Amino acid sequence: MKVLVVMAHSRRDSLTGQIADAVAAGLADAGHEAEIADLYGEGFDPLVTPPDEPDWEREDKVYAESTQAEIARLQRNDGIILVFPIWWWSFPAIMKGWIDRVWNKDVAYGANTLNHKRALAIGLSASDAAQYAKRGYDTAIETQIVTGIFDFCGIPDGRLEYLHGSTDGGERAVEMIGEARELGKHFADGL
Ligand SMILES: Cc1cc2nc3c(=O)[nH]c(=O)nc-3n(C[C@H](O)[C@H](O)[C@H](O)COP(=O)(O)O)c2cc1C
């Protein structure tokens, strides 16, 4: 299976970057092919401008060239994994902009939806699971990503995994990298 691993962090050697690499290594362990999209490293522009605004009256809008290249990269993979630090209970802006521009009308929703069989979002979080549950952030973020994006865009099997304790360092960081490798290894189980 070909899987696009999209990461959002300004430092390639951040914990987020190491988690993306571990997920890719886990995919390779299981015989899959991972393609890493490093949004910051590639200088992705997250701003939606008129060439990428949906046309609500037509179904054949041709988006900006850079968006078409991103759509092609998305579509040449059968699975997708998003790796990001949780910032203000959501994606970093660069990843939100990648969704805004690339998962566009009549590509990901509307006249066409995505063909990916499975999607996984991996959110690194400083706070622990109890803090997330206390204010309902756990289900709020899950609804936004899994229902509002994956499900809405036709991906039948989407889920969100939190890696809590991302600022604890030391042992916890090593543990998280191990957990990420397992997530990659088992990503396509049953498909
Ligand atoms: C702008 C910003 C907003 C953040 N918001 C949250 C948050 O809402 N919830 C949370 O648990 N952690 C939050 N954090 C902590 C990050 O999730 C944490 O720094 C990151 O997961 C650590 O991974 P890294 O070393 O790869 O950056 C925030 C960090 C930053 C810089």
Side-chain angles (χ1 to χ4, degrees), residues 3-30 32 34-49 70 73-74 77 79-103 118-153 158-187:
V3 183
L4 184 63
V5 178
V6 185
M7 66 157 276
H9 204 289
S10 63
R11 285 177 292 109
R12 187 63 185 84
D13 64 352
S14 60
L15 183 57
T16 301
Q18 294 175 60
I19 294 290
D21 289 338
V23 168
L27 286 162
D29 289 342
H32 305 294
E35 182 175 0
I36 296 187
D38 170 7
L39 298 180
Y40 273 94
E42 294 169 3
F44 179 76
D45 177 358
L47 299 183
V48 177
T49 54
E70 288 293 334
R73 176 158 69 171
L74 179 64
N77 285 279
I80 176 140
I81 302 181
L82 307 177
V83 182
F84 56 96
I86 293 180
W87 286 358
W88 295 111
W89 319 111
S90 188
F91 297 126
I94 199 167
M95 184 168 273
K96 175 63 165 50
W98 184 75
I99 302 278
D100 292 340
R101 291 184 58 202
V102 181
W103 296 42
R118 185 166 285 171
L120 170 64
I122 301 177
L124 281 74
S125 100
S127 312
D128 62 23
Q131 287 297 319
Y132 272 63
K134 186 173 166 189
R135 295 193 174 81
Y137 296 135
D138 49 359
T139 50
I141 302 170
E142 187 177 28
T143 301
Q144 178 206 328
I145 297 175
V146 177
T147 309
I149 302 174
F150 295 159
D151 213 41
F152 185 69
C153 294
R159 71 181 218 276
L160 166 67
E161 288 283 343
Y162 293 106
L163 293 178
H164 291 290
S166 60
T167 50
D168 294 356
E171 287 271 296
R172 180 58 193 135
V174 174
E175 215 173 76
M176 284 171 71
I177 290 167
E179 289 170 21
R181 189 159 184 150
E182 287 300 304
L183 287 172
K185 203 164 165 177
H186 296 290
F187 174 71

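All figures in this text were calculated on a predicted structure; none of them were measured in a lab. As the structure lists them, so they are numbered: ligands from 1, and atoms in each ligand from 1. As a basis for the values below, the full set of heavy atoms in this structure was taken, side chains included, without hydrogen atoms, waters or symmetry mates.
Classification of the Tyr132-Tyr137 ring pair by plane angle, with boundaries at 30° and 60°, yields perpendicular.
Under a 4.0 Å N-O distance rule, the pair Asp128/Lys134 does not qualify as a salt bridge.
In this structure a side-chain-to-backbone donor-acceptor pair under 3.5 Å is present from Gln18 to Asp13.
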Under 3.5 Å, N/O to N/O: give me all the pairs between ligand 1 and the protein, one per line with atom names and distance.
from     : atom 1 : to     : atom 2 : distance (Å)
ligand 1 : 5 (N)  : Ile86  : O      : 3.4
ligand 1 : 5 (N)  : Trp88  : N      : 2.8
ligand 1 : 8 (O)  : Trp88  : N      : 3.1
ligand 1 : 8 (O)  : Trp89  : N      : 2.9
ligand 1 : 11 (O) : Ala126 : N      : 3.2
ligand 1 : 11 (O) : Ser127 : N      : 3.2
ligand 1 : 11 (O) : Ser127 : OG     : 3.3
ligand 1 : 11 (O) : Tyr132 : OH     : 2.9
ligand 1 : 14 (N) : Ile86  : O      : 3.3
ligand 1 : 17 (O) : Ile86  : O      : 2.9
ligand 1 : 17 (O) : Leu124 : O      : 3.4
ligand 1 : 21 (O) : Leu124 : O      : 3.3
ligand 1 : 21 (O) : Ser166 : OG     : 2.7
ligand 1 : 26 (O) : His9   : NE2    : 3.4
ligand 1 : 26 (O) : Leu15  : N      : 3.3
ligand 1 : 26 (O) : Thr16  : N      : 2.8
ligand 1 : 26 (O) : Thr16  : OG1    : 2.7
ligand 1 : 27 (O) : His9   : NE2    : 2.7

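Taking NE2 from His186 and CG from Asp29, the interatomic distance works out to 9.0 Å, rounded to the nearest 0.5 Å. Between the OG atom of Ser90 and the NZ atom of Lys96 there is a distance of 7.5 Å, given to the nearest 0.5 Å.
More than 12 heavy atoms of other residues, nucleotides or ligands lie within 6.0 Å of CD in Glu42, so this atom counts as buried by the packing criterion.
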